[in-house]
Amino acid sequence: MKITIVNHSDNRGGAAIVSLRLMEALRDAGHDAVMLVAHKYTNHPHVHAIEARYRLKVCFAAEHLQILAGNGLRRRDMFKVSTAAFGLPLSRHPLVRGADAVMLNWVNQGMLSLDEIARIAAERPTVWTMHDMWCLTGVCHHAGTCTRYTGTPGCGCCPELSSIRSRDLSRSTWSRKVEAYRRRHIHFVAVSRWLRLMASESSLMRGQRVDVIPNAFPVDSFHIEPRRSRAELGLPEGKKLIIMSAARLDTPVKGLDLAIDALNRLDRSDSAVLLVGALRNPHALDGLHFPHIAYGAVSEPALLRELYAHSTVLMSTARYETLPTTLIEGQAAGCTPVAFDSSGQCDIISNAKEGILVPSFDTAAFAEALNRALDTPLEPHALRASVERRYSDGKVAAEYIALLNRITTCR
């Protein structure tokens with residue numbers, strides 16, 4: 001089967017990484033899968049960049065001028081939302097026209113308009129994998145506590161736009177999505193059961209079938225036993241390590257403030273927390289009194305895998321996640337994960353043999369869970385086997401092929 005996966009880039013951001021991984025898994029399964037991107041950063045021979053950079057910049061600028069006009073000229077909030085009002089004519093691209101099926105992933109920032117998405121779906125069997133909530137809301141990628149996307153008509157008075165008008169940019173985009181989805185040519189995939197539940201509550205998605213297929217994960221690249229010493233890595237000897245990892249730790253959604261509060265409740269001399277990721281605020285850790293190592297951003301995957309292998313516990317205090325990769329990474333390296341039960345974390349920690357879930361944002365309970373995980377960690381090889389069973393490349397590729405076979409047969 002000829003499959004074209006469309007994503008904004010091939011390795012910048014979580015959706016890009018898992019899209020590239022899926023393409024490789026589909027190729028390993030014997031299919032002619034390629035990737036079409038706006039920005040190519042790897043030298044992968046089966047990733048193809050769109051040769052329309054100037055037009056892409058125009059679409060990007062036009063969308064963000066529209067957003068600025070709709071949010072009261074608040075530049076700081078400009079990238080919290082997307083409208084897909086402008087985009088490239090990819091329905092005419094040879095890799096789209098020649099495909100047996102098209103798989104859309106993260107296609108915002110001026111790459112595809114809603115009209116063009118509808119055009120592609122009308123002409124080719126199309127699967128759209130949702131990596132956040134944008135497909136089921138008006139303009140936002142994460143709705144937080146807002147439920148206006150559940151109404152009919154949906155959205156309006158959008159908090160991300162600081163809007164008090166019902167007929168605002170979020171409402172008009174919601175209406176355009178209704179039209180794009182109307183013929184039900186798009187087959188949606190949610191990467192977690194939690195995201196499918198959110199989709200079921202959206203007035204946009206009524207009548208749409210949403211399958212759940214998780215992201216593919218390279219289990220074999222992770223290992224339980226460290227291959228480099230702590231001295232080589234600059235880690236303290238003789239201490240149990242709790243690792244917390246993110247591209248940027250002080251992004252509000254990652255809940256660094258909650259992590260600090262939970263860690264400060266611990267009274268242990270045998271442990272320390274390893275904080276892996278960038279910090280935009282140089283004073284973000286000023287209130288953390290628990291022994292800690294601020295390791296900074298890690299761009300080398302092999303180094304990150306070593307840090308996981310040296311750790312006993314993986315903590316995630318994220319306020320919400322669709323399918324948090326760090327929890328899967330921790331499990332694959334034998335770390336006991338501890339997380340809030342706020343969203344997609346529940347897919348990864350579905351029972352007591354896969355980690356510890358804590359009531360949302362209860363930092364005292366989180367501290368107790370960290371103590372328990374440090375004292376009686378889960379069996380590392382069982383955690384790794386759980387990842388292999390649920391998220392291996394081959395398993396996920398097979399689920400997508402089954403879906404593509406179903407929708408191509410039905411057209």
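Not measured: the values here are computed from a predicted model. We're numbering straight along the sequence, starting at 1.
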Given side-chain contact (heavy atoms from CB on, under 4.5 Å), test V127 with L104 step by step and report yes or no.
CA-CA 6 Å; V127 171; L104 306 178; over 6 Å; no

Can a salt bridge be assigned to the pair D393 and K395 using a cut-off of 4.0 Å between side-chain N and carboxylate O?
no

With the threshold set at 4.0 Å, does a side-chain nitrogen-carboxylate oxygen contact exist between R119 and E116?
yes

Going through the distances and angles, do T4 and M103 end up as a side-chain contact (heavy atoms from CB on, under 4.5 Å)?
CA-CA 6 Å; T4 297; M103 299 177 67; over 6 Å; no

Approximate separation, where rounding is to 0.5 Å, of C335 SG and L307 CG
10.0 Å

Do D261 and R265 sit within salt-bridge range, that is, some charged N less than 4.0 Å from a carboxylate O?
yes

Would you list the atom pairs, donor with acceptor, under 3.5 Å between side chains in residues 190-198 and any protein atom, with sequence neighbours excluded?
from: S192; atom 1: OG; to: L195; atom 2: N; distance (Å): 3.1
from: S192; atom 1: OG; to: T322; atom 2: O; distance (Å): 2.8

What I want to check is whether the side chains of S113 and D115 have a donor and an acceptor closer together than 3.5 Å.
no

Assign the ring pair W128 / Y181 to parallel, tilted or perpendicular, where the plane angle (0 to 90°) is split at 30° and 60°.
perpendicular

Quick test of your reading of the model: are E160 and R74 salt-bridged, counting only N-O distances below 4.0 Å?
no

Taking the six-membered ring for Trp, are F222 and F217 ring centroids under 6.0 Å apart?
yes

Does Y391 have any ring-ring contact (aromatic ring centres under 6.0 Å, His included) partners at least two apart in sequence or in another chain, and if so, which?
none

Under the rule for ring-ring contact (aromatic ring centres under 6.0 Å, His included), what residues qualify as partners of H46, not counting sequence neighbours?
H44

Measuring from E354:CD to C346:SG, what's the distance to the nearest 0.5 Å?
11.5 Å

Tell me, yes or no, whether the heavy-atom count around R209 atom CZ, taken from other residues, nucleotides or ligands under 6.0 Å, exceeds 12.
no

Should the pair H8 and H39 be assigned to parallel (<30°), tilted (30 to 60°) or perpendicular (>60°) ring geometry?
tilted

Output for pair (L288 CG, I260 CD1), nearest 0.5 Å, gives 5.5 Å

Sequence-distant partners of Y41, ring-ring contact (aromatic ring centres under 6.0 Å, His included), two or more places apart:
none

Qualifying residues under ring-ring contact (aromatic ring centres under 6.0 Å, His included), relative to Y295, sequence neighbours excluded:
none

Whether the side chain of Q345 engages the backbone of D341 through a donor-acceptor N/O pair (distance < 3.5 Å, no angle test) should be reported.
no

Between the side chain of H142 and the main-chain N/O of G144, is any donor-acceptor distance below 3.5 Å?
no

In terms of side-chain geometry, is the basic nitrogen of R21 or D10 positioned less than 4.0 Å from the acidic oxygen of its partner?
no

Hey, would you say the H223 and Y308 ring centroids sit under 6.0 Å apart?
no

Quick test of your reading of the model: are R319 and D257 salt-bridged, counting only N-O distances below 4.0 Å?
yes

Applying side-chain hydrogen bond (donor to acceptor under 3.5 Å, both in side chains), which residue pairs with at least one partner in residues 283-292 are found, sequence neighbours left out?
H283-D286

Spacing of CD1 belonging to I5 relative to CG belonging to L26, to within rounding of 0.5 Å
5.5 Å

CA sep, side-chain torsions, deciding dist, call: R406, D211, salt bridge (charged side-chain N to carboxylate O under 4.0 Å, His left out):
CA-CA 12 Å; R406 189 185 83 220; D211 290 273; 3.2 Å; yes

